[in-house]
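Since the structure is predicted, the reported quantities are computational estimates derived from the model, not experimental observations.
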Amino acid sequence: MKNVNGILDSDSRSHSPQRSQSCQPTYSSNSIKIRSVQVGPSSFTKVRMLGKGDIGKVYMVKQKDTGKLFAMKVLSKEVLIKRNKIKRVFAEQEILSTSNHPFIVALHHSFQSQDNLYFVMEYCTGGEFFRALQLRPGKCLIEKEAKFYAAEVTAALEYLHLHGFIYRDLKPENIMLHQSGHIMLTDFDLSKGSSPPGQPGIIKSQQPHMPPSLDTRRCVYNLRTNSFVGTEEYIAPEVIKGSGHTSSVDWWTLGILIYEMLYATTPFKGPNRNETFTRILDDDIIFSDQSPPLSDSCQHLILMLLQKEECKRLGSQAGASEIKTHPFFNSINFALLRHLEPPILPLINSPDGVDALNFRKMAAESISLDLDMDHPMVNVTLPPPSPHDKIQSYIYNPFENFNSITIHREGDFDY
């Protein structure tokens, strides 16, 4: 699968069952305490590379004073400037530093050196969801299993929308597995935020004894963008048309993800990019025969999520509440998802996952990362450059507002 604007490559590796533990998180962003950064590049030792992309690499690192493992995302400033991706890295930092949700990867530190930006994040020992799918029978899931992961992804997207962000790059490669098997969304460099986010509405339940739900669509109601971003097999019709898109693109990608989990392929995949886009715009969904056959509610959900007209798509009117109340999810208690045992339980040989068993083996690195030699920068605030001042333009630092912070979360998620 080709990623138009991705960061990590993916591969496959088998998983084996292990007893799952429940997650006991807090959802309150008020429990996040942000302080000045307490570490730097030399505070960590590189263990191995976990993934690489066009603008950076992700390493497993060990913090020297605690021995704890983290995933460190290292982004080259030079590449970010050349590829005009500075705004994206700031959006990613904002999401990571303010999110506190069991299905979104946690940021612990961010800082910069002369050449690089660093995100030190939770290390997900379960590896990539994409890889987990590749070693399942038929490289796919049965309907009950796909329902579980679709529910967790829906909960994560609901949280992002509630805080004024649309994700825009949902796909198996951007879903990590915690050691317990629960999902964690990662890679937010294509995400877009509404400033300021709107206030959610309240939707009264039509069923007795059921609590009201939130209309998260209002939180991103004024957010419409014309950027052409995403992964080609997941791109929504309105993005291809260039007519502008909203948070509804996330519900389109959810429909593609559910289909891929069930059929091991995306519904509109063509032999090349142009053919894929043509099929996305023109073709109907085909549900091939399988045993057992998909339920009517599952097929209906996919059809409603993959409505080509944005205004008719499920989720376009009231957000996640429309998806969560669809009959397909009648058997799901969203409030208890984190306490359930996931269908895929990653194989964990070493207690801390230092063997990276659930990650693909990376080829030898051409350039070694020397964290001890890469000292963190002291933030110096400089005024924006004047077009008539060549010296001032030369010393202007586009990363001066990249926050060097350490994040403490009260009641961090225990799985």
Side-chain angles (χ1 to χ4, degrees), residues 27-29 95 98-99 101-104 146-170 183 185 191-225 230 234 236-239 243-259 285 295-338:
Y27 287 86
S28 172
S29 59
I95 293 174
T98 58
S99 295
H101 192 277
F103 305 144
I104 294 177
K147 181 186 299 186
F148 177 89
Y149 292 114
E152 291 201 333
V153 169
T154 299
L157 292 176
E158 178 182 41
Y159 179 87
L160 290 174
H161 291 184
L162 183 64
H163 288 79
F165 296 99
I166 56 177
Y167 186 40
R168 304 202 297 180
D169 200 23
L170 180 65
I183 69 109
L185 286 191
S191 299
K192 182 76 173 178
S194 176
S195 182
Q199 294 297 315
I202 302 298
I203 304 173
K204 294 183 178 180
S205 175
Q206 302 298 318
Q207 303 176 8
H209 312 300
M210 289 294 292
S213 57
L214 290 176
D215 176 0
T216 55
R217 176 72 174 85
R218 292 191 180 187
C219 300
V220 286
Y221 186 76
N222 294 320
L223 180 55
R224 190 171 191 91
T225 177
Y234 276 73
E238 59 268 27
V239 177
S243 56
H245 59 272
T246 68
S247 59
S248 291
V249 297
D250 283 344
W251 305 126
W252 171 274
T253 57
L254 176 63
I256 301 288
L257 176 67
I258 295 173
Y259 190 98
I285 297 293
S295 67
D296 290 342
S297 64
C298 182
Q299 293 188 36
H300 184 263
L301 175 67
I302 293 173
L303 288 171
M304 293 303 294
L305 290 171
L306 297 182
Q307 285 289 318
K308 298 185 190 297
E309 292 186 46
E310 179 186 352
C311 62
K312 296 181 179 179
R313 192 174 304 149
L314 193 68
S316 65
Q317 304 304 311
S321 61
E322 296 180 46
I323 288 87
K324 293 166 69 175
T325 55
H326 188 276
F328 179 66
F329 289 118
N330 280 349
S331 62
I332 295 290
N333 187 330
F334 280 84
L336 298 179
L337 271 175
R338 61 194 184 275

Check: With Tyr167, which residues qualify under ring pair (Phe, Tyr, Trp, His ring centres under 6.0 Å), at least two apart?
Finding: Phe188
Next item on the list: Would you verify whether the NZ or CZ of Lys147 falls within 45 degrees of the ring axis of Phe328 while also being under 6.0 Å from that six-membered ring's centre?
Entry: yes
Item checked: Option passing side chain to side chain contact (heavy atoms under 4.5 Å, CB included) with Phe165 (candidates Arg168, His161, His163) -> His163
Check: Would you call Arg313 and Glu238 a salt bridge, taking side-chain N to carboxylate O under 4.0 Å as the test?
Finding: yes
Item checked: Under 3.5 Å: donor-acceptor pair, side chain of Glu322, backbone of Gln317 -> yes
Margin query: To check you understand the geometry: which heavy-atom pair defines the closest contact between Tyr234 and Thr253, and what is its length?
Written below: O-CG2, 3.4 Å
Item checked: Qualifying residues under side-chain contact (heavy atoms from CB on, under 4.5 Å), relative to Asp296, sequence neighbours excluded -> none
Next item on the list: Tell me, please, which residues at least two apart from Ser297 pass side chain to side chain donor-acceptor pair (under 3.5 Å).
Entry: Ser295
Note to self: Which residues pass the side chain to side chain donor-acceptor pair (under 3.5 Å) test with Lys312, not counting sequence neighbours?
What the structure shows: Glu309
Check: Counting distance only, does the side-chain N/O of Glu158 pair as donor-acceptor with the main-chain N or O of Thr154 below 3.5 Å?
Finding: no
Next item on the list: Name all pairs fulfilling the salt bridge (charged side-chain N to carboxylate O under 4.0 Å, His left out) condition that reach into residues 243-257, sequence neighbours left out, sorted by first residue then second.
Entry: none
Check: With no hydrogens and no angle check, is any side-chain donor or acceptor of Lys324 less than 3.5 Å from a backbone partner on Phe334?
Finding: no
Check: For Ala156, which residues count as a side-chain contact (heavy atoms from CB on, under 4.5 Å) partner, sequence neighbours excluded?
Finding: Phe103, Ile104, Leu185
